[in-house]
Undergrad: 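What follows is a single structure, and I will ask about it in a moment.
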Amino acid sequence: MADFTKFPDLALRTYGGAVIAANDESFAEREALIRPGNPLFQAHTFGSKGQVYDGWETRRRRAPGFDWAIIRLGLPGVIKGIVIDTAWFKGNYPPYASVEACAADGHLAPVELTDWVEIVPKAALDGDTAHEFEVADPRRFTHVRLNIFPDGGVARLRVHGEVVPDPRFLTGLTIDLAALQNGATIVACSNEFYSTPANVIAPGLPRNQSEGWETARRRDNANDWLIVRLPAPGRVAIAELDTTNLLFNAPGWAAITATDSRAEIPPTTAKWFPLLPKTRLQPDTPHRFRLDSPRKITHARLDIYPDGGLSRLRLLGTLTEKAERDLTTRYTTLTRNPPHGQVDGVSRMLRRTGA
């Protein structure tokens with residue numbers, strides 16, 4: 001897979017993404033585009049509209065034009081790459097597709113979105129294939145538009161990128177410094193046999209243990225761990241370690257250490273200091289610990305003993321004053337308006353169709 005797939009899917013439904021408009025969804029609903037997990041298929045399963053597909057499928061077009069769907073990103077940010085997956089669509093996939101993006105401030109209706117820019121030029125597609133397209137535009141976007149030419153079905157749209165939070169909701173407040181939606185990332189992990197450690201900083205609560213982090217069973221004297229990089233330097237006051245859904249595979253104990261490092265992954269020479277001493281955990285339980293550490297940190301390391309899983313990790317605290325200024329500067333740089341005169345076909349089409 002392409003390198004950009006290591007970044008989170010900014011459009012994922014469980015991250016708050018939504019398909020807010022589509023010109024047609026006659027055969028299969030648009031909401032399927034951003035569902036978590038791989039598309040499913042069962043042959044010879046027919047409903048009132050034909051074969052049931054786990055994806056978005058439009059009718060056979062008999063007039064000029066193309067079909068489209070608009071997705072509001074659950075996590076706005078800089079888009080690194082797009083995956084257009086036509087899984088299971090073999091005789092009914094679109095031969096071509098393109099992707100546009102825009103940046104909206106506030107909560108706009110689809111018809112109000114403007115200044116669309118093309119981030120994936122019109123490209124040929126194959127059936128039953130995941131197509132990967134790198135994106136070079138460095139700006140922060142809030143919405144994408146998938147265009148298919150002329151019609152057909154797409155199972156999933158993945159929008160991988162770097163989260164860029166709005167600093168207005170980070171500065172001067174107590175926030176979760178380990179939250180994906182606030183710009184935190186997992187930069188290292190000892191083991192992710194059953195599920196990715198990125199799940200522990202995802203929004204919301206997990207529906208089952210697959211939506212947390214779970215390691216293989218250790219057969220040595222070591223322990224498992226992960227490192228989370230904060231969105232910017234800050235001070236942590238409260239740690240939340242949640243073992244919800246982990247009934248027989250929760251860790252027996254956990255500890256948290258921290259460091260102040262400007263590297264993406266702290267070097268072996270980094271000086272780590274304790275935030276939470278080794279503490280016993282219970283299965284299927286949210287745990288809260290008051291830390292009151294006065295020290296500035298950039299990374300936190302969670303050690304679990306000896307192995308097991310965790311549903312969520314929350315580190316509640318505040319950013320430093322310099323971090324607040326730096327985040328605001330970066331946000332301003334990445335949200336400069338796209339050039340005027342770019343594609344604005346969505347607004348025109350929505351008005352024309354009355355959507």
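Computed from a prediction, not measured in an experiment: that's the story for all the values here.
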Undergrad: Before accepting this row, confirm whether a basic side-chain N of the pair Glu100/Arg145 lies closer than 4.0 Å to the acidic partner's carboxylate O.
TA: yes
Undergrad: Between SG of Cys189 and CD1 of Ile227, what distance do you get to the nearest 0.5 Å?
TA: 9.5 Å
Undergrad: For Pro121, does its backbone N or O pair with a side-chain atom of Ser98 as donor and acceptor, under 3.5 Å?
TA: no
Undergrad: Indicate yes or no for a side-chain donor-acceptor contact from Thr215 to the backbone of Gly308 under 3.5 Å, with no hydrogens or angles considered.
TA: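 Present.
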Undergrad: Taking atom NZ of Lys322 and atom CG of Leu327, what is their separation to the nearest 0.5 Å?
TA: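 Spacing of NZ (Lys322) from CG (Leu327) equals 10.0 Å.
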Undergrad: Any Lys/Arg nitrogen of Asp67 or Arg61 sitting under 4.0 Å from an Asp/Glu carboxylate oxygen of the other?
TA: yes
Undergrad: What pairs with Arg72 under side-chain contact (heavy atoms from CB on, under 4.5 Å), at least two apart in sequence or on another chain?
TA: Ala18, Ile20, His143
Undergrad: Using every non-hydrogen atom in the two residues, find where Thr298 and Ser261 come nearest and quote the distance to one decimal.
TA: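 Looking at all heavy atoms of both residues, the closest pair is OG1-N, 2.7 Å.
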Undergrad: Side-chain heavy atoms under 4.5 Å apart, restricted to Ile/Leu/Val/Met/Phe/Trp/Tyr: what other residues fall into the cluster of Ile238, or is it alone?
TA: Leu316
Undergrad: Does Leu334 sit in a hydrophobic cluster with other residues, and if so which ones, taking ILVMFWY side chains as linked at heavy-atom separations under 4.5 Å, directly or through other members?
TA: Val78, Val164, Tyr331
Undergrad: Is there any salt bridge (Lys or Arg N to Asp or Glu O under 4.0 Å) pair reaching into residues 217-228, and which pairs are they, with sequence neighbours excluded?
TA: Arg218-Asp220, Arg218-Asp224
Undergrad: Step by step, work out the side chain to side chain contact (heavy atoms under 4.5 Å, CB included) result for Leu157 and Ile84.
TA: CA-CA 5 Å; Leu157 178 71; Ile84 302 174; 3.9 Å; yes
Undergrad: Any side-chain donor paired with an acceptor under 3.5 Å for Thr58 and Asp24?
TA: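 No.
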Undergrad: Answer with yes or no whether the hydrophobic clustering places Trp253 together with Leu276; edges join I, L, V, M, F, W, Y residues whose side-chain heavy atoms lie under 4.5 Å apart.
TA: no
Undergrad: Rounded to the nearest 0.5 Å, what's the gap from CD1 on Ile34 to CD1 on Ile71? Could you check?
TA: 7.0 Å
Undergrad: Suppose we screen for side-chain contact (heavy atoms from CB on, under 4.5 Å). Which residues come up paired with Asn182, at least two apart in sequence or across chains?
TA: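 With neighbours one apart ignored, the set is Leu170, Ile175, Asp176, Ala179.
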Undergrad: Could you tell me which residues satisfy side-chain contact (heavy atoms from CB on, under 4.5 Å) with Phe248, sequence neighbours excluded, listed by chain and number?
TA: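 side-chain contact (heavy atoms from CB on, under 4.5 Å) list for Phe248, sorted by chain: empty.
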Undergrad: Please tell me if the side chains of Leu246 and Pro283 come closer than 4.5 Å, counting only heavy atoms from C-beta onward.
TA: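 Heavy-atom side-chain distance check fails, nothing below 4.5 Å.
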Undergrad: With sequence neighbours left out, which residue pairs that include part of residues 299-313 fulfil the side chain to side chain donor-acceptor pair (under 3.5 Å) condition?
TA: Asn223-Asp303, Arg301-Asp303
Undergrad: Please walk me through it: do Asp326 and Arg330 pass salt bridge (charged side-chain N to carboxylate O under 4.0 Å, His left out)?
TA: CA-CA 6 Å; Asp326 291 345; Arg330 181 170 184 259; over 6 Å; no
Undergrad: Among all residues two or more places apart in sequence or in another chain, which pass the side-chain contact (heavy atoms from CB on, under 4.5 Å) test with Ala270?
TA: Thr259, Pro266, Pro267, Trp272
Undergrad: By the side chain to side chain donor-acceptor pair (under 3.5 Å) test, which pairs, at least two apart or in different chains, include something from residues 225-234?
TA: Thr185-Arg229, Arg229-Glu264
Undergrad: Got a donor-acceptor contact below 3.5 angstrom from the Asn191 side chain to the Ala216 backbone?
TA: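 Yes: the side chain of Asn191 pairs with the backbone of Ala216.
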Undergrad: In the structure I gave you, are the side-chain heavy atoms of Ile297 and Asp260 within less than 4.5 Å of one another anywhere?
TA: no
Undergrad: Partners of Phe149 by ring-ring contact (aromatic ring centres under 6.0 Å, His included), sequence neighbours excluded?
TA: Phe66
Undergrad: Return the OG1 to CZ distance between Thr244 and Arg207, rounded to the nearest 0.5 Å.
TA: 15.0 Å
Undergrad: Taking it one step at a time, do Asp105 and Arg168 satisfy salt bridge (charged side-chain N to carboxylate O under 4.0 Å, His left out)?
TA: CA-CA 12 Å; Asp105 188 16; Arg168 291 174 294 183; 3.1 Å; yes
Undergrad: Could you name each residue pair satisfying side chain to side chain donor-acceptor pair (under 3.5 Å) that touches residues 28-39, not counting sequence neighbours?
TA: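 Those involving residues 28-39 are Glu29-Arg35, Arg35-Asp54.
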Undergrad: Taking only residues two or more places apart in sequence, or in another chain, which ones meet Phe89 in a ring-ring contact (aromatic ring centres under 6.0 Å, His included)?
TA: Tyr53
